[in-house]
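For reference, the structure is listed below as structure tokens.
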Amino acid sequence: MTLPSSPKDLIAWRVAKELNYGEIVNLGIGTPTLVSNYISPEMNITFQSENGFVGMGALAKPGEEIPDLTNAGGQWVTLVPGAAFFDTAMSFIIIRGGHIDVTVLGALEVDERGYLANYWIPGRGGPGIGGGMDLVVGTKRVIVAMEHIRRDGEPKIVPRCSLPITAKRMVDLIVTDMAVIRPTTEGLVLREVAPGVTVDEVLAKTSACLIVPDDVGEMVA
Amino acid sequence: MTLPSSPKDLIAWRVAKELNYGEIVNLGIGTPTLVSNYISPEMNITFQSENGFVGMGALAKPGEEIPDLTNAGGQWVTLVPGAAFFDTAMSFIIIRGGHIDVTVLGALEVDERGYLANYWIPGRGGPGIGGGMDLVVGTKRVIVAMEHIRRDGEPKIVPRCSLPITAKRMVDLIVTDMAVIRPTTEGLVLREVAPGVTVDEVLAKTSACLIVPDDVGEMVA
Amino acid sequence: MSKVKTVQEAMEFIQDGMTVMLPGFLGVGTPKALIDAICERRVGDLTVIYNDGAFPGVGIGKLVRCGLVRKMISTHTGTNPELVKAVADGKIEMELLPQGTLVERIRAAGAGLGGILTPTGVGTSVEEGKTVMELDGNTYLLELPLRADIALLYAFKGDTAGNLVYRRTARNFNPIMATAADLVIAEVENLVDIGEVEPEHVVTPGIFVDIVVKGV
Amino acid sequence: MSKVKTVQEAMEFIQDGMTVMLPGFLGVGTPKALIDAICERRVGDLTVIYNDGAFPGVGIGKLVRCGLVRKMISTHTGTNPELVKAVADGKIEMELLPQGTLVERIRAAGAGLGGILTPTGVGTSVEEGKTVMELDGNTYLLELPLRADIALLYAFKGDTAGNLVYRRTARNFNPIMATAADLVIAEVENLVDIGEVEPEHVVTPGIFVDIVVKGV
């Protein structure tokens with residue numbers, strides 16, 4: 001297959017490769033939502049939506065919206081067989097209690113400790129915490145899916161978050177449109193670069209210190 | 001009407017008079033269960049059963065048992081319209097969270113502080129705590145319904161419980177086959193005597209100090 | 001005994017300055033007729049407990065636009081620029097919480113608990129002013145119960161005794177908020193006779209509900 | 001993917017010395033086939049978390065009679081004289097808790113909470129060895145999470161993905177215990193295909209359930 005060309009789709013496609021058969025997954029708003037486009041039904045992945053259900057299917061087609069059936073971003077969605085509804089208390093038993101295998105979420109910044117910041121830009125108000133802090137604290141594996149740099153060209157992978165952190169938890173993987181980076185106790189390890197991107201280009205767009213091992217790979221299908 | 005002649009029925013009948021229209025009530029095992037016999041449907045009382053429902057009706061007739069529908073004492077029961085089932089967590093949200101108006105329960109001892117002991121006889125094991133501690137802590141009004149003296153003739157209303165107390169909470173009323181007694185911060189106040197029982201007889205069968213006001217009444221229909 | 005009243009009658013229980021719990025997630029699961037009535041009567045100076053900012057003029061967003069909210073206890077405001085602006089301008093005071101913490105604080109109040117220990121928020125801005133506890137090598141925040149004077153629920157179906165069932169994701173905060181307010185008013189889309197909600201399917205038992213109003 | 005296995009296959013996950021959660025209230029809501037299988041295989045030295053003693057030879061009472069229980073964490077034993085005697089004789093260790101505390105401790109484990117503060121048990125024998133906290137003039141006990149290696153559920157109906165619904169008072173501890181064990185096995189009386197349990201009526205979502213066995 002050819003890899004997706006748009007940055008967001010490339011990220012979503014690469015994140016999808018991290019998911020294993022039968023896992024329970026929560027996808028954050030934005031780019032993470034696109035991950036489901038790259039998951040085949042044979043993978044038997046169950047998507048949880050923190051507003052109150054498991055078994056989320058594709059977005060609803062226009063005109064086929066089902067009343068009171070939206071995802072955590074307020075979009076109309078569908079169900080798959082085996083779905084179940086519940087209240088917010090149960091939703092966060094699932095989230096904080098370690099019953100979700102993988103959370104994929106965006107970030108404003110990630111730092112050398114593997115901490116992410118994704119809820120608040122001081123002086124600019126919103127967007128707010130939502131379910132993010134609970135998801136980062138409670139999920140078995142946390143994957144940050146985000147574009148490598150900010151719209152103004154500044155790095156998002158930084159020595160230390162300047163924005164308030166979401167949790168004191170080292171995330172498990174960072175997937176961007178330029179690279180795949182694994183936080184470790186030794187620091188951020190560059191694992192892969194995107195097709196057509198060099199290691200030097202990644203380093204240039206990253207203000208955090210990156211450990212570059214000999215075996216850096218390239219994202220491949 | 002003529003008053004019930006059996007001690008247990010007299011107690012149940014007198015307790016029933018304490019319940020108000022529309023209240024949510026939990027009845028303990030034994031004598032308290034009989035209270036429902038003296039409540040008319042017009043009273044609109046809702047009975048909660050801590051094993052997981054509200055809207056408990058009468059005992060099921062032999063041969064008409066409904067599968068998996070028992071009360072907290074394990075007896076087969078029926079439902080009334082408007083009943084609802086829930087799990088144990090919700091049952092104790094209801095109980096501990098102050099959503100029950102009246103709990104009626106038996107006791108091994110009650111003392112001058114208004115504390116009751118009803119869960120454990122040291123050296124004899126059981127019966128155990130069950131929902132009792134939560135009910136006493138969380139219910140708006142707690143009524144103790146018990147025979148005035150033990151089977152061996154010893155008083156159950158004592159200066160200070162010799163058995164482990166169920167909660168540090170002053171119960172609201174004590175109803176026995178001999179008397180109605182109201183715990184207060186000044187002590188236990190004798191409010192009523194049973195028909196044919198004198199104040200002196202109550203005092204003789206009570207080792208706790210009783211305050212006897214001038215206006216002690218008699219249980220009347 | 002029926003708990004059914006008109007929206008107008010129910011409004012008499014809502015007063016200026018009250019703390020109001022409103023269920024909903026981006027507007028889904030929020031009572032509409034009751035919010036409209038609050039706006040019409042201009043009951044103001046409210047402290048509102050709601051998951052998010054919904055959208056401008058929708059759900060809680062309507063109360064914000066009407067200028068009736070003094071303080072919000074919430075998890076997320078970003079979908080409602082009017083709310084974000086009101087907070088930035090100091091017109092609405094904001095207490096921001098993680099969603100799982102918000103729901104557990106409400107549940108603790110409804111369940112008669114003195115608080116809960118959560119790992120969520122440890123080492124973040126949420127920690128400020130809270131008791132931090134170490135247990136078995138893990139760190140938790142002590143989060144305290146959160147009650148309201150009044151909770152306004154939205155249910156898809158309810159009987160005259162207040163037994164409620166919800167539809168799909170409109171359930172969200174409704175069942176928990178039902179437990180934690182001094183007065184609970186449920187707006188039901190479909191009002192049925194007592195006993196017409198299957199006891200096994202009831203999500204909120206009627207004992208939690210004081211007043212039932214028919215939605216419009 | 002179907003989670004259905006035979007009782008025999010499920011038994012391979014249960015080992016001597018494990019901590020086992022068993023739902024039920026006086027035997028109602030307790031899995032029968034699984035308990036029978038434990039007794040047949042004589043899996044012993046178990047720590048059992050169960051609300052009460054049920055009755056001699058019934059439910060948990062069967063495990064007691066078979067001598068497979070080393071310790072019980074429970075709220076009430078009085079209905080089972082065999083259990084009362086075993087405790088008195090020192091053959092079974094007993095940790096006695098209030099029922100509301102038991103269920104909240106299990107829930108805390110399932111919900112990832114570090115503990116809860118309850119007023120229940122303050123000033124009683126339950127207080128022993130526990131942290132007592134004063135908050136706003138009220139006194140609470142800090143109660144810690146309670147997990148198990150394995151939970152054995154009983155549901156009236158379940159699909160092949162483990163979505164469960166319960167019947168009447170057989171629900172009791174099932175939904176909460178489903179959240180708090182490393183492995184969850186559900187015995188279902190009626191086994192149906194995935195999707196045949198109405199999503200709105202599911203009480204325990206299948207994500208909590210690892211193995212489904214058909215009851216007998």
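Proteins come first, then strands; the chains are lettered A, B, ... in the order of their sequence lines, and each starts at number 1.
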Let me confirm one number: the [atom1]-[atom2] distance from [X] to [Y], rounded to the nearest 0.5 Å.
X      : Y      : atom1 : atom2 : result
A:E50  : C:T169 : CD    : OG1   : 11.5 Å
A:T88  : C:N51  : OG1   : CG    : 6.5 Å
C:T75  : A:M133 : OG1   : CE    : 10.5 Å
A:I129 : C:Q99  : CD1   : CD    : 10.5 Å
C:R167 : A:D68  : CZ    : CG    : 4.5 Å

Can you tell which part of [X] gets under 4.5 Å to a heavy atom of chain A, answering side chain, backbone, both or neither?
X      : answer
C:T139 : neither
C:F25  : side chain
C:D52  : neither

Checklist entry - Which heavy-atom pair separates C:G123 from A:K168 by the least distance, and what is that distance? => result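 It is CA-CD, 3.7 Å.
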
Checklist entry - What is the minimum heavy-atom distance between C:L96 and A:G128, and which atoms define it? => result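 Smallest interatomic distance, heavy atoms only, reads CD2-CA, 4.0 Å.
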
Checklist entry - Is it true that C:R171 and A:D87 make a salt bridge, defined as a side-chain N closer than 4.0 Å to a carboxylate O? => result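 Salt bridge: no.
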
Has [X] got more than 12 heavy atoms of other residues, nucleotides or ligands less than 6.0 Å from its [atom1]?
X      : atom1 : answer
C:K214 : NZ    : yes
A:K140 : NZ    : yes
C:D89  : CG    : yes
C:K130 : NZ    : yes
C:E128 : CD    : no
C:K85  : NZ    : no

Which portion of [X] sits near chain C, non-hydrogen atoms under 4.5 angstrom:
X     : value
A:I95 : neither
A:S91 : neither
A:F92 : side chain
A:S49 : neither
A:A72 : both

Checklist entry - Is a side-chain donor-acceptor pair under 3.5 Å present for A:Y119 with C:T124? => result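 The criterion, which ignores hydrogens and geometry beyond distance, is not satisfied for A:Y119 and C:T124.
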
Next on the checklist: Less than 3.5 Å apart, any donor N or O on the side chain of C:T120 or A:D134 sitting next to an acceptor on the other?
Outcome noted: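 The criterion, which ignores hydrogens and geometry beyond distance, is satisfied for A:D134 and C:T120.
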
Next on the checklist: Looking only at heavy atoms and a cut-off of under 4.5 Å, which of C:S74, C:P81, C:S125 has the most pairs with chain A?
Outcome noted: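 With the most close heavy-atom pairs to chain A, the winner is C:S125.
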
Checklist entry - Among C:V87, C:N174, C:L97, which has the most heavy-atom pairs under 4.5 Å with chain A? => result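 Highest number of pairs under 4.5 Å: C:L97.
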
Checklist entry - Under a 4.5 Å heavy-atom cutoff, which of A:A117, A:G52, A:P67 has the most pairs with chain C? => result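 Option with the greatest count: A:P67.
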
